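First up is the structure itself, then whatever we jot down about it.
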Protein chains: 2
Amino acid sequence: MNQESDAERSSTQPAPRGRSTRQKRAVWAALSALEDFISAQDLHRLLSERGEQVSLATVYRILQAHQEEGSVDVLRPDDGEAVYRLCERQEHHHHLVCRSCGLTVEFAAPDIEAWAAQFAAEHGFTEQHHTLEVFGLCADCSA
Amino acid sequence: MNQESDAERSSTQPAPRGRSTRQKRAVWAALSALEDFISAQDLHRLLSERGEQVSLATVYRILQAHQEEGSVDVLRPDDGEAVYRLCERQEHHHHLVCRSCGLTVEFAAPDIEAWAAQFAAEHGFTEQHHTLEVFGLCADCSA
DNA sequence: CTGCATGCAAAAACTTTGCATCGCA
DNA sequence: TGCGATGCAAAGTTTTTGCATGCAG
């Protein structure tokens with residue numbers, strides 16, 4: 001799967017405005033247990049298999065709320081399904097993903113962050129953000 | 001720093017596979033005349049207004065074909081509509097996109113290319129490729 | 001002629017929304 | 001108890017697909 005699951009995420013408050021409900025806790029718990037991105041549909045499926053009853057509409061509503069408050073990142077792959085991932089903080093990090101087995105390495109790239117910020121600024125852009133994902137075949141799958 | 005279009009792309013054939021049809025030529029011509037990204041829906045609307053009769057399904061089919069052969073870039077903004085644009089360079093390149101007005105700056109980032117390749121290699125990954133898109137508000141939209 | 005490409009419309013896939021009900025606070 | 005949260009299903013969007021017909025080669 002992956003290499004470094006960390007603890008201490010449960011300490012982070014979901015910080016959602018509004019009430020604490022079973023559904024919100026279930027979604028948050030599921031996201032916390034995941035290292036990688038997951039689509040709303042898959043998350044709903046995962047919860048169902050686990051016995052957590054949360055309607056698909058609610059999964060969307062909760063994810064949308066998190067997105068608006070910035071506690072999750074949203075990525076839109078080319079296949080049409082938006083995927084969500086817990087945003088541990090404002091730090092930015094990226095992924096190196098094996099497109100065969102899914103092995104994922106998370107990494108930070110300060111140089112690139114800085115470069116992107118400067119490049120955007122040079123062109124008069126503000127409120128810059130960016131996405132960087134690296135794909136390939138991992139050592140095992142390359143063999 | 002660079003975003004200029006280079007020559008040497010006229011050699012690329014619009015639609016290598018399949019027959020040359022009025023619809024394919026119309027789509028290709030429309031794309032060629034555009035500087036920025038356009039969605040399939042908007043492209044269809046544009047063609048219709050111009051009097052070019054091309055069904056929406058066919059626009060999708062043609063764009064999909066171009067996408068597969070790499071002659072157009074596809075971007076998926078967060079609002080759910082995929083946007084397409086002629087790929088000016090077959091080389092790897094990225095985009096700086098204004099998320100308000102859509103102004104796009106195409107750029108190459110050799111340093112990042114090299115960094116990504118090396119990073120992937122260090123982790124045993126092969127056949128590396130990556131995506132990097134920078135978003136923000138352009139000077140005009142920032143005002 | 002032959003068969004790929006197109007048009008049309010229905011279907012699919014994903015996400016949002018209206019409304020009645022439920023359950024935190 | 002009150003009002004936000006949820007469930008359900010229907011609506012909305014964007015994109016794909018089945019099938020008969022049309023046109024390029």
Side-chain angles (χ1 to χ4, degrees), chain A residues 13-31 36-69 71-85, chain B residues 13-31 34 36-69 71-85 97 99 102:
Chain A
Q13 277 304 321
R17 301 183 267 292
R19 299 168 176 170
S20 169
T21 65
R22 173 181 58 78
Q23 291 87 338
K24 286 179 184 173
R25 286 189 296 269
V27 166
W28 189 259
L31 284 178
D36 293 320
F37 290 88
I38 189 172
S39 71
Q41 308 270 351
D42 286 343
L43 179 52
H44 174 249
R45 202 169 303 131
L46 177 67
L47 291 170
S48 295
E49 289 168 359
R50 251 190 222 176
E52 299 277 9
Q53 299 283 20
V54 183
S55 77
L56 181 59
T58 296
V59 170
Y60 273 108
R61 278 191 279 235
I62 293 174
L63 286 175
Q64 192 171 49
H66 282 315
Q67 177 183 358
E68 282 166 9
E69 78 191 32
S71 47
V72 301
D73 280 338
V74 185
L75 223 58
R76 297 187 85 84
D78 293 347
D79 69 352
E81 248 187 336
V83 288
Y84 305 80
R85 165 173 68 82
Chain B
Q13 281 305 317
R17 315 162 215 191
R19 301 167 175 170
S20 170
T21 65
R22 172 180 58 77
Q23 291 87 339
K24 285 179 184 173
R25 286 189 297 270
V27 166
W28 188 259
L31 284 177
L34 288 170
D36 292 320
F37 289 88
I38 189 172
S39 71
Q41 307 270 353
D42 287 343
L43 179 53
H44 173 249
R45 204 168 302 132
L46 177 66
L47 290 170
S48 295
E49 289 167 0
R50 248 188 224 179
E52 298 278 8
Q53 300 283 18
V54 183
S55 76
L56 180 59
T58 296
V59 171
Y60 273 107
R61 278 190 278 235
I62 293 175
L63 286 175
Q64 190 172 50
H66 282 315
Q67 176 183 358
E68 282 167 8
E69 77 192 33
S71 47
V72 301
D73 281 336
V74 184
L75 230 54
R76 300 191 78 94
D78 293 345
D79 69 353
E81 243 188 337
V83 288
Y84 304 81
R85 186 188 155 174
V97 185
R99 60 172 175 275

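All figures in this text were calculated on a predicted structure; none of them were measured in a lab.
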Provide, to the nearest angstrom, the distance between the [atom1] atom belonging to [X] and the [atom2] atom belonging to [N].
| X | N | atom1 | atom2 | answer |
| --- | --- | --- | --- | --- |
| His44(A) | dA9(D) | NE2 | P | 12 Å |
| Lys24(B) | dA24(D) | NZ | C1' | 10 Å |
| Asp42(B) | dT13(D) | CG | P | 14 Å |
| Leu47(A) | dG7(D) | CG | C1' | 15 Å |
| Gln53(B) | dG7(C) | CD | P | 8 Å |
| Tyr84(A) | dT15(C) | OH | C1' | 8 Å |
| Glu52(A) | dA5(D) | CD | P | 19 Å |
| Arg19(B) | dT21(D) | CZ | C1' | 13 Å |

| Base dG7(C) paired with Arg61(B) side chain (donor-acceptor, <3.5 Å) |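 Yes.
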
| query | Considering only heavy atoms and no angle criterion, is a donor-acceptor pair shorter than 3.5 Å present between the side chain of Arg22(B) and the base of dC23(D)? | reply | no

| task | Mind listing the closest non-hydrogen atom pair of Glu81(B) and Ser39(B) along with its distance? | result |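 That closest heavy-atom pairing would be OE2-OG, 3.4 Å.
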
| field | Heavy-atom pair with the smallest gap, counting every atom of Leu47(B) and Ala26(B) | value |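 So the minimum-distance heavy-atom pair works out to CD2-O, 3.8 Å.
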
Tell me whether the OP1 or OP2 atom of [N] has a side-chain N or O from [X] closer than 4.0 Å.
| X | N | value |
| --- | --- | --- |
| Thr58(A) | dT6(D) | no |
| Thr21(B) | dT6(C) | yes |
| Gln23(B) | dG7(C) | yes |
| Gln64(B) | dT16(D) | yes |

| Residues that Arg22(B) engages under side chain to side chain donor-acceptor pair (under 3.5 Å), provided they are two or more places apart | none

| request: May I ask you to check whether Glu69(B) and Ser71(B) show a side-chain donor-acceptor distance below 3.5 Å? | output: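 Yes, Ser71(B) and Glu69(B) have a side-chain donor paired with an acceptor closer than 3.5 Å.
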
| field | Nearest-nucleotide 5' precedence on DNA chain D, Ala40(B) against Val59(A) | value |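 Its nearest nucleotide lies further toward 5', so the answer is Val59(A).
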
| task | Identify whether any heavy atom of Ser39(B) sits under 4.0 Å from a base atom; if not, whether one sits that close to sugar-phosphate; answer base, sugar-phosphate or nothing. | result | nothing

| query | Can Arg85(A) and Asp73(A) be counted as an ion pair, charged N to O under 4.0 angstrom? | reply | yes

| query | Is there a side-chain contact between Leu63(A) and Val74(A) (heavy atoms, below 4.5 Å)? | reply | no

| To the nearest 0.5 Å, what is the distance between NE2 (His44(A)) and CD1 (Ile38(A))? | 11.5 Å

For nucleotides 9-14 of chain C, list the nitrogen or oxygen atoms of the protein found under 3.5 Å from its nitrogen or oxygen atoms, one pair per line.
none

